[in-house]
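Atoms within each ligand, like the ligands themselves, are counted from 1 in listed order.
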Amino acid sequence: MRTAICPGSFDPITKGHVDIIERAAALFDRVIVLISHNPDKKPVFSVSQRVDFVKRSVAHLPNVQVDHHAGLLAEYLSHQNACAIVKGLRAMSDFESEFQMALANKTLNPAAETVFLTTRAENMYLSSSLVRQLAGLGANIAAFVPPAILSDVQKTLQGETNNDGK
Ligand code: PNS
């Protein structure tokens, strides 16, 4: 059985993430979407909220599981006997950091192959930070996040802005 891990902050999961997960699920026997810790980011949503949002967004994919992990991705791969890390690649701006992470993970765990799937053209510009910014300013984010989580994400992010008094 070939297992792939789709790691990320997913703060929150977007339609772009779901597209990559669907395509990974078609390529591998089992996919684990892993809410991981990125020390460079301070997430708006808690780990349990992000896990819940991802679960609701991938409920239509029978070979996809959702988990969270605060440690090293390279170690998690070994625990799960996974052979690949699947990442979506949007544009040149993603490339440098993704290349660095892929090489570091391969050094830490030589069995870890990173597979990059290019995003669909319509998702080239989409990111969780854009979703957070738009929703915080009161925009309708229906085009960007899965319908299953839309109202919860929208409510929380609008509340964030209001609570800040901005
Ligand atoms: O969605 P993001 O924040 O761009 O994803 C980055 C993430 C979370 C996948 C990366 O920071 C990560 O792998 N974190 C887990 C800890 C780890 O292994 N760090 C070293 C990466 S080389």
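- In this structure, Phe99 places its CZ atom where only 12 or fewer heavy-atom neighbours from other residues, nucleotides or ligands lie under 6.0 Å away.
- Of the protein's non-hydrogen atoms, the one nearest atom 5 (O) of ligand 1 is Gly8 CA, 3.6 Å.
- The nearest non-hydrogen atom to atom 9 (C) of ligand 1, considering only Pro39, Gly88, Pro7, Ser127, comes from Pro7.
- Taking a 6.0 Å sphere around CG of Asn81, one finds it holds 12 or fewer heavy atoms contributed by other residues, nucleotides or ligands.
- Among Lys55, Gln49, Arg56, the single residue meeting the side-chain hydrogen bond (donor to acceptor under 3.5 Å, both in side chains) criterion with Asp52 is Arg56.
- Scanning the protein for heavy atoms near atom 10 (C) of ligand 1, the closest one is Met101 SD, 3.8 Å.
- Residue contacts with ligand 1: Ala104 is placed with no nitrogen or oxygen under 3.5 Å of a nitrogen or oxygen of the ligand (distance criterion only).
- Closest to atom 19 (N) of ligand 1, if we only count protein heavy atoms, is Leu72 CD2, 4.3 Å.
- Contact annotation: Gly71 has at least one heavy atom less than 4.0 Å from an atom of ligand 1.
- Of the protein's non-hydrogen atoms, Ser36 CB, 3.6 Å is the one closest to atom 8 (C) of ligand 1.
- The nearest protein atom to atom 6 (C) of ligand 1, hydrogens excluded, is given as Asn38 ND2, 3.8 Å; this is a heavy-atom distance.
- In this structure, the protein non-hydrogen atom closest to atom 18 (O) of ligand 1 is Leu73 N, 2.8 Å.
- At a 3.5 angstrom cut-off on N or O pairs, Ser9 counts as close to ligand 1.
- Between Asp11 and Arg132 there is a salt bridge, since a side-chain N of the basic residue sits under 4.0 Å from a carboxylate O of the acidic one.
- When the shell of 6.0 Å around CD of Glu22 is examined, it contains more than 12 heavy atoms from other residues, nucleotides or ligands.
- There is no side-chain donor-acceptor pair under 3.5 Å between Glu75 and His69.
- Hydrophobic cluster membership is shared by Val47 and Phe45, with clusters built from Ile, Leu, Val, Met, Phe, Trp and Tyr side chains linked at under 4.5 angstrom.
- Looking at Glu98 next to ligand 1, no N or O pair under 3.5 Å apart turns up.
- Arg23 places a side-chain N or O within donor-acceptor distance of the main-chain N or O of Thr118, the cut-off being under 3.5 Å.
- Neither side chain, Thr119 nor Asp19, offers a donor N or O lying under 3.5 Å from an acceptor on the other.
- At least one N or O atom of Lys41, backbone or side chain, sits closer than 3.5 Å to an N or O atom of ligand 1.
- An N or O contact shorter than 3.5 Å links His37 to ligand 1 by distance.
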